[in-house]
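Worksheet: the structure to be examined is printed underneath.
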2 protein chains.
Amino acid sequence: MKVLSKGTVYGLRALVYLATQKDRTGYVSIGEISEKLDISFHFLTKTFQTLTQNGILESYRGPNGGIALNKPAEQIFLLDIVKILEGDDFFDKCLLGLPGCGEFEPCPVHDFWKVAKAALKNEFEITSLAEMGAKVTDERLRLSA
Amino acid sequence: MKVLSKGTVYGLRALVYLATQKDRTGYVSIGEISEKLDISFHFLTKTFQTLTQNGILESYRGPNGGIALNKPAEQIFLLDIVKILEGDDFFDKCLLGLPGCGEFEPCPVHDFWKVAKAALKNEFEITSLAEMGAKVTDERLRLSA
DNA sequence: AAGATTTAAGAGTATTTAGTCGCAAAACAA
DNA sequence: TTGTTTTGCGACTAAATACTCTTAAATCTT
């Protein structure tokens, strides 16, 4: 069950990494993140550009440049990131791919899929980068293979 | 949020259509299904071959040939179909794509993803083709755009 | 037996997603 | 002001997914 594209997965992992570095001042270079998480530098760069353009990250060029969260990790939620990287309609898709599937013209699995999507969306809505970062730090979780 | 591949979506829609035709005797031709559901004939054929090879369908060639469910629609569940078309490990994937993510080596969202997956899997497990077919017939639902 | 109908199977094409490369632009350092 | 570091951006390549086409095999009809 592949729910998120590679770009989104990489972006999420990278942002959680940033959240674990909250005590550092200044910017964290993309090169460092790419190395630590074993993600292609150029691919990561593209995802970060999207996140910068959408207000999640702040970037700075030149020596000691890099990226940084544009607001406290407590105020950035999974849903924000996914909406930017996957599109605003991420949680509006029909399981059977039928266009316009909804209350008025449902597909045969609309009822249970609606509930499942709502539950998932809620989790994405309340889970912050800070929470995930703390989990990684406290429980020594990994962010790469 | 694309959860199922096109092949699986087409297969599901086609099987539900078959379930709505339970009063007909004999085989239903792939050509008819392809036309009724507006799905490419050849593409559908490949998916049906997989389903035939895995015991969901029975097929017969020649005039008045076609396919038919290999057992009562009451005994075929969404989960059976998805497992065949998407792979047995469909519900075992990590949201962040980390290999070996599980209780022992979880990712930062493993806990809630595990719960969400289990709930979904349960729905897939208890929803039969008969149930979906009846819904389509009774509530006059559509199976194509 | 010959021709028509229908699934089986594999090769080939197109589109989407994933990943790479090279160079421009910004900022710093000597 | 020249060279170095770092992000920005567009073009390019590769791989996966989706789709099409052709031919073979099975079965029926006449």
Side-chain angles (χ1 to χ4, degrees), chain A residues 1-15 18 26-70 85-87 90 93 96-97 144-145, chain B residues 1-15 18 26-70 85-87 90 93 96-97 144-145:
Chain A
M1 175 158 51
K2 204 188 77 178
V3 170
L4 302 172
S5 72
K6 287 280 182 182
T8 302
V9 164
Y10 292 164
L12 277 177
R13 280 164 50 195
L15 288 173
L18 269 186
Y27 300 94
V28 177
S29 81
I30 300 180
E32 170 187 335
I33 301 174
S34 145
E35 237 176 71
K36 284 270 171 58
L37 301 189
D38 195 31
I39 298 171
S40 145
F41 173 81
H42 284 98
F43 197 83
L44 199 50
T45 292
K46 283 203 305 195
T47 300
F48 279 153
Q49 277 161 24
T50 307
L51 291 170
T52 301
Q53 284 155 6
N54 285 278
I56 300 288
L57 293 174
E58 180 192 355
S59 71
Y60 201 82
R61 301 194 229 199
N64 298 313
I67 57 167
L69 295 177
N70 198 29
L85 296 178
E86 297 277 344
F90 183 69
K93 302 278 181 64
L96 297 183
S144 69
Chain B
M1 173 158 52
K2 204 188 75 176
V3 171
L4 303 172
S5 72
K6 288 277 183 183
T8 302
V9 164
Y10 292 164
L12 278 177
R13 282 165 48 197
L15 288 173
L18 269 187
Y27 300 95
V28 178
S29 80
I30 301 180
E32 171 187 334
I33 301 174
S34 145
E35 236 177 69
K36 285 270 172 57
L37 302 189
D38 194 32
I39 298 172
S40 147
F41 172 81
H42 286 97
F43 198 85
L44 198 50
T45 292
K46 283 203 306 194
T47 300
F48 279 152
Q49 278 161 23
T50 308
L51 291 171
T52 301
Q53 285 155 5
N54 284 277
I56 300 290
L57 293 174
E58 181 192 356
S59 71
Y60 201 81
R61 300 195 229 198
N64 299 312
I67 57 166
L69 295 178
N70 198 30
L85 297 178
E86 297 277 346
F90 184 70
K93 302 276 181 65
L96 297 184
S144 69

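Per chain, numbering begins at 1; letters A, B, ... match sequence-line order. Values below: every heavy atom of this structure, side chains too, minus hydrogens, waters and symmetry copies.
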Can you tell me how far [atom2] of [N] sits from [atom1] of [X], to the nearest Å?
X       : N      : atom1 : atom2 : answer
A/Leu57 : D/dT7  : CG    : P     : 11 Å
B/Ile30 : C/dT5  : CD1   : P     : 16 Å
A/Lys2  : C/dT17 : NZ    : P     : 8 Å
A/Leu44 : C/dG19 : CG    : C1'   : 12 Å
B/Leu51 : C/dT7  : CG    : C1'   : 14 Å
A/Gln49 : D/dT6  : CD    : P     : 16 Å
A/Tyr27 : D/dT6  : OH    : C1'   : 12 Å
A/Glu32 : D/dT6  : CD    : C1'   : 13 Å

Would you find a donor on one side and an acceptor on the other, under 3.5 Å apart, between the side chain of [X] and the backbone of [Y]?
X       : Y       : result
B/Ser29 : B/Gly66 : no
B/Thr8  : B/Leu4  : no
B/Glu86 : B/Ser5  : yes

- A/Ser29 side-chain N/O to D/dT5 phosphate OP1/OP2 under 4.0 Å: no
- Message: Looking at C/dT7, I'd like to know if its phosphate oxygens (OP1 or OP2) sit under 4.0 Å from a side-chain N or O belonging to B/Thr52.
- Response: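 B/Thr52 to C/dT7 OP1/OP2: no side-chain N or O under 4.0 Å.
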- Message: Could you check whether atom CD of A/Glu35 has more than 12 heavy atoms from other residues, nucleotides or ligands sitting under 6.0 Å from it?
- Response: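 12 or below, so no.
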- Message: Counting neighbours of NZ on A/Lys6 that are heavy atoms of other residues, nucleotides or ligands and sit closer than 6.0 Å, is the number greater than 12?
- Response: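 It does not: A/Lys6 NZ has 12 such atoms or fewer within range.
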- Task: Please examine the side chains of A/Leu85 and A/Leu51, heavy atoms only from C-beta on, and report whether any two atoms are closer than 4.5 Å.
- Result: yes
- Would you please classify the geometry between the B/Tyr60 ring and the B/Tyr27 ring as parallel, tilted or perpendicular, with 30° and 60° separating the classes? parallel
- Message: Just to be sure I understand the rule, does A/Gln53 reach a base, reach only the sugar-phosphate, or reach nothing, if contact means heavy atoms closer than 4.0 Å?
- Response: sugar-phosphate
- Query: Going 5' to 3' along nucleotides 19-30 of chain D, which nucleotides have protein heavy atoms under 4.0 Å from the base (write B), which only from the sugar-phosphate (write S), and which from neither (write -)?
  - Reply: BBBB--BBBS--
